[in-house]
Structures are given as C-alpha cells and as structure tokens.
Amino acid sequence: GKEEINLRQEAQTSPLDLIGKTIGPYTISRELAQDDVGTLYEAIQANVNRPVAVKVLNPKHYEEETTVDEFIAFATAMAKAQSPYITAVYEVGESNGLIYYTREHFPGIRLSEEIQQNHKWSEDLILRTAQNVANAFSYLHKNNILHHPPLPEFILVSEDGTPKLLNNITTEGIEMGETEEQEIKRVAQDLVKVAPNLATVSDDVRSLLNSMLGKERPLLKTWTSVAQKCQTIEMARRSARAAASSQMLTPVAVPMIDEKKKFRLSWLHIVEIIFAAGSILLLAGYFLVWYKATADHDIGAKIKVPATAY
C-alpha cells in the first residue's frame with residue numbers, strides 16, 4: 001500500500017526512524033541495538049499487550065536477495081527453539097515495506113559484562129545459571145539443533161536473578177563447533193570468573209565447577225549430567241534451609257494432661273482452698289476468745305484525771 005512505499009522510500013533516503021510507528025501489530029517504543037544487518041527495537045504487541053524485541057532488516061539490503069533469504073532463514077531457524085531456558089523467536093514477517101522478525105524481550109545483563117566489570121555472584125546465582133544453561137544446551141543437543149558455542153555474551157541474567165540463554169541458533173555449518181564436554185568447560189571457566197574465591201565457596205558449588213572443568217570426579221561430560229548435578233545440589237540446599245527454618249519455628253512442647261487427672265487436680269485445689277479458709281477462720285476465732293478474756297470492758301476506769309485539771 002501507500003504507507004509501505006512511503007516507509008521504504010523514507011528508509012532509503014534518510015536514517016530510518018521507527019520510534020512511535022507501527023509495524024504490523026507492533027508499536028516501536030525505543031532502539032535497543034544496531035549492526036550491519038539491521039536494528040533491534042523494543043516494541044509492544046498491541047493485540048496481546050506483550051513487550052517484544054523487533055529486529056528490522058536494514059533497508060539497504062532489500063535489493064540483495066541472498067541477504068534477505070539468509071535473514072528470513074536465520075529467524076526461522078531460531079524459532080525452532082521451544083525451551084523456557086532459551087529466548088523465543090515468535091514470527092518472521094513483512095509490513096509497511098519492512099522485513100522483520102520478533103523475539104522474546106528479556107531485559108538483563110550479559111555474563112560477558114559481569115566478567116568485564118569484575119563483579120562477583122552469589123553461590124545461588126552461579127548454581128541457577130549453571131542449571132539453566134545446562135537445561136538449554138541439553139535441549140539443543142537432544143534435538144540436534146545447530147548453535148553457536150556458549151559464549152558469555154549469550155548468557156543473560158534478568159533483574160530478578162533469572163538466567164536465560166539468548167537464542168544462539170545458527171544455520172551455518174554442518175556439524176556443531178564444539179562437543180558437549182568442551183562447551184561445559186567453557187561455561188565453567190566463565191562462571192569461575194564471577195565466583196568468589198573457590199577456596200571459600202561451599203563444597204557443593206566448588207565440586208560442581210571442578211567437575212565441569214574436568215578437575216574432579218565424577219567428570220561432567222554431558223549437559224544432562226550437569227543439570228542433574230545442579231538439581232541434586234539445589235534440592236539438598238532447600239532441605240537444609242527447610243530444616244533450619246523448622247528448628248527456629250518449633251514450639252516449646254507442653255506436656256499433655258489427662259482429663260481425669262485434670263479433674264482430680266481441680267478438686268484438690270478446691271479442697272486446699274477450703275482448708276486454708278477454715279484455718280484462717282479458726283485462728284480468728286481463737287483470737288476473739290483471747291481478746292474477750294483479757295480485755296477490760298470499762299475503758300474509762302483506766303483514765304486518771306488530775307484534780308488540778310478542773
């Protein structure tokens with residue numbers, strides 16, 4: 001339509017500005033990144049009110065049939081990954097004269113940035129990252145999906161501490177570049193860079209990393225074995241935390257009193273009270289008898305008034 005022709009002509013004559021514009025059902029909100037292939041934007045999918053990332057092919061490539069085909073084939077390949085541990089690609093399309101694909105928008109910091117800034121992670125975050133990355137690569141290997149090596153720039157951690165693999169599927173090559181064992185060692189080496197001193201970390205985390213590095217048995221040579229090891233450690237840690245929490249919240253044991261004994265105790269208390277009251281009354285009676293026997297009833301007889309007082 002006319003709008004498509006105008007957008008394509010605009011892109012070819014001046015820098016493409018899509019902020020605030022709509023491509024298909026996606027309203028562009030801001031630019032995220034740019035390379036020679038195209039520009040990545042943050043957008044809102046209006047029909048479901050979902051934030052997404054939209055990669056728009058640079059219009060300068062539109063007349064290059066090979067480049068357009070590769071862009072579409074690459075996006076289609078990435079869409080094959082259907083795992084909660086890998087960022088999803090939703091669709092490939094063309095709208096308003098622009099070719100694009102959309103993927104899950106997963107804001108987070110890359111492991112490569114954390115290494116560069118020399119940040120140190122908690123043991124729990126290291127464990128979660130190893131487990132989620134292991135689940136992601138286990139999925140890719142089981143489904144024979146071609147992918148890039150697990151470089152630290154492909155590993156993201158969201159603000160709430162959720163690690164995820166940035167979709168790293170590729171259409172290049174016939175065989176995968178690295179074996180699982182090599183991939184595992186690569187990830188372990190990067191995790192060591194953000195880990196506290198290995199001499200001070202917990203035994204379970206240190207053992208995990210050393211096993212991934214091939215320095216400690218059992219050696220972890222498959223991603224499935226890494227994921228299982230992480231799960232075992234996590235379950236043990238949860239059990240330990242639950243046990244510690246239950247000890248803190250355990251109420252003081254109160255001895256149970258049999259109802260019959262309770263009834264007998266109640267009568268004993270009543271008898272004790274009656275006996276005590278009787279004793280007090282008896283003592284009071286003795287005192288009154290004594291007082292009556294010794295007291296002088298004519299109080300005035302004890303008063304002596306001198307004659308000079310009148």
Side-chain angles (χ1 to χ4, degrees), residues 19 28-44 50-56 58 74-75 78 81 83-90 101-140 147-170 172 176-178 180 182-202 205-206 208-210 212-213 223 226-227 230 234:
I19 307 303
I28 307 298
S29 54
R30 67 187 180 103
E31 183 178 318
L32 295 174
Q34 190 177 85
D35 57 23
D36 184 64
V37 175
T39 305
L40 184 68
Y41 297 95
E42 180 182 346
I44 297 295
R50 173 176 63 178
V52 299
V54 180
K55 182 70 175 281
V56 179
N58 192 322
F74 178 64
M78 288 194 297
S83 167
Y85 305 103
I86 303 173
T87 55
V89 169
Y90 300 131
Y101 71 82
T102 59
R103 65 171 175 81
E104 175 185 357
H105 181 44
F106 189 79
I109 190 166
R110 299 173 188 262
L111 175 57
S112 56
E113 296 174 291
E114 294 287 85
I115 293 173
Q116 185 178 7
Q117 296 174 22
N118 198 31
H119 288 170
K120 298 301 179 183
W121 288 3
S122 67
E123 292 184 11
D124 285 340
L125 180 54
I126 291 171
L127 183 61
R128 285 197 305 274
T129 302
Q131 184 170 16
N132 286 12
V133 170
N135 284 323
F137 277 95
S138 178
Y139 168 84
L140 294 175
H147 56 272
H148 291 289
L151 303 174
E153 51 263 37
F154 285 117
I155 299 173
L156 298 174
V157 178
S158 66
E159 291 182 356
D160 66 356
T162 301
K164 204 163 195 175
L165 181 68
L166 185 63
N167 198 307
N168 68 334
I169 294 176
T170 181
E172 299 175 358
M176 299 180 189
E178 293 184 345
E180 286 189 68
Q182 290 171 326
E183 289 177 342
I184 291 168
K185 286 183 179 180
R186 180 192 288 272
V187 171
Q189 289 168 352
D190 288 330
L191 290 178
V192 167
K193 294 174 184 177
V194 292
N197 191 330
L198 283 183
T200 60
V201 299
S202 301
V205 173
R206 181 172 59 254
L208 170 67
L209 294 175
N210 283 335
M212 292 174 68
L213 291 167
W223 283 115
V226 174
C230 291
E234 177 61 23

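Just so you know, residue 1 is the first one in the sequence shown, and it goes up from there.
Nearest heavy atom pair, residue Lys185 against residue Met212, reads CG-O, 3.4 Å. Looking at every heavy atom in both residues, Asp190 comes nearest to Pro150 through OD2-O, 4.4 Å. Of all heavy-atom pairs between Pro163 and Gly161, the closest is CD-O, 3.3 Å. Scanning both residues, Ala130 and Val226, for their nearest heavy atoms gives O-CG1, 4.2 Å. Nearest heavy-atom pair, Thr162 versus Asp160, reported as atom, atom and distance to 0.1 Å: OG1-OD1, 3.0 Å. Annotation for Ile19 and Ser29: closest pair CG2-O, 3.4 Å, computed over non-hydrogen atoms.
Aromatic ring orientation, Phe137 versus Trp223: parallel (interplanar angle below 30°, classes split at 30° and 60°).
A distance-only check finds no donor-acceptor pair linking the side chain of Lys164 to the backbone of Val133 [under 3.5 Å]. Side chain of Thr39 to main chain of Val56: no donor-acceptor pair is present (N/O by atom type, distance under 3.5 Å, no hydrogens or angles). With hydrogens and angles ignored, the 3.5 Å screen pairs no side-chain donor or acceptor of Asn168 with any backbone N or O of Phe154. In this structure a side-chain-to-backbone donor-acceptor pair under 3.5 Å is present from Thr87 to Asn167. Checking side-chain atoms of Ser202 against main-chain N and O of Val205 turns up no donor-acceptor pair under 3.5 Å.
Going from atom NZ of Lys120 over to atom CG of Leu125 covers 13.0 Å, rounded to the nearest 0.5 Å. With rounding to the nearest 0.5 Å, the separation of CD in Gln189 from CD1 in Ile115 is 10.5 Å. Distance check, rounded to the nearest 0.5 Å: NE2 of His148 to CD of Glu178 gives 12.0 Å. Ile155 contributes atom CD1, which lies 7.0 Å from atom CG of Leu165 (distance to the nearest 0.5 angstrom).
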**OP:** Show your working on side-chain contact (heavy atoms from CB on, under 4.5 Å) between Tyr85 and Asn132 and close with a plain yes or no.
**Re:** CA-CA 6 Å; Tyr85 305 103; Asn132 286 12; 3.7 Å; yes
Original post:
side-chain contact (heavy atoms from CB on, under 4.5 Å) between Asn135 and Ser83: does it pass, once the steps are laid out?
Top reply: CA-CA 9 Å; Asn135 284 323; Ser83 167; over 6 Å; no
**OP:** Would you sort out whether Thr102 and Glu104 count as a side-chain contact (heavy atoms from CB on, under 4.5 Å), showing the intermediate values?
**Re:** CA-CA 7 Å; Thr102 59; Glu104 175 185 357; over 6 Å; no
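Residues Leu151 and Arg186 are in side-chain contact: their nearest non-hydrogen atoms beyond the backbone lie under 4.5 Å apart. Here the side chains of Ile126 and Pro196 are in contact, with some heavy-atom distance below 4.5 Å. Between Arg103 and Leu40 the shortest side-chain heavy-atom distance falls below 4.5 Å. By the 4.5 Å heavy-atom criterion applied to side chains, Val89 and Lys55 are not counted as neighbours. Between Arg128 and Asp124 the shortest side-chain heavy-atom distance falls below 4.5 Å. Within the 4.5 Å cutoff, the side chain of Val201 has no heavy atoms near those of the Leu209 side chain. Between Arg206 and Asn210, the closest side-chain pair of non-hydrogen atoms falls below 4.5 Å. For the pair Leu140/Ile86, a side-chain contact is recorded, criterion being any heavy-atom separation below 4.5 Å from C-beta on.
Residue pairs meeting the side-chain hydrogen bond (donor to acceptor under 3.5 Å, both in side chains) criterion with at least one member in residues 105-114, sequence neighbours excluded, are Glu114-His119, Glu114-Trp121.
Around CD of Glu159, the count of heavy atoms belonging to other residues, nucleotides or ligands within 6.0 Å does not exceed 12.
Judged as a ring-ring contact (aromatic ring centres under 6.0 Å, His included), and not counting sequence neighbours, the contacts of Tyr101 are Phe71.
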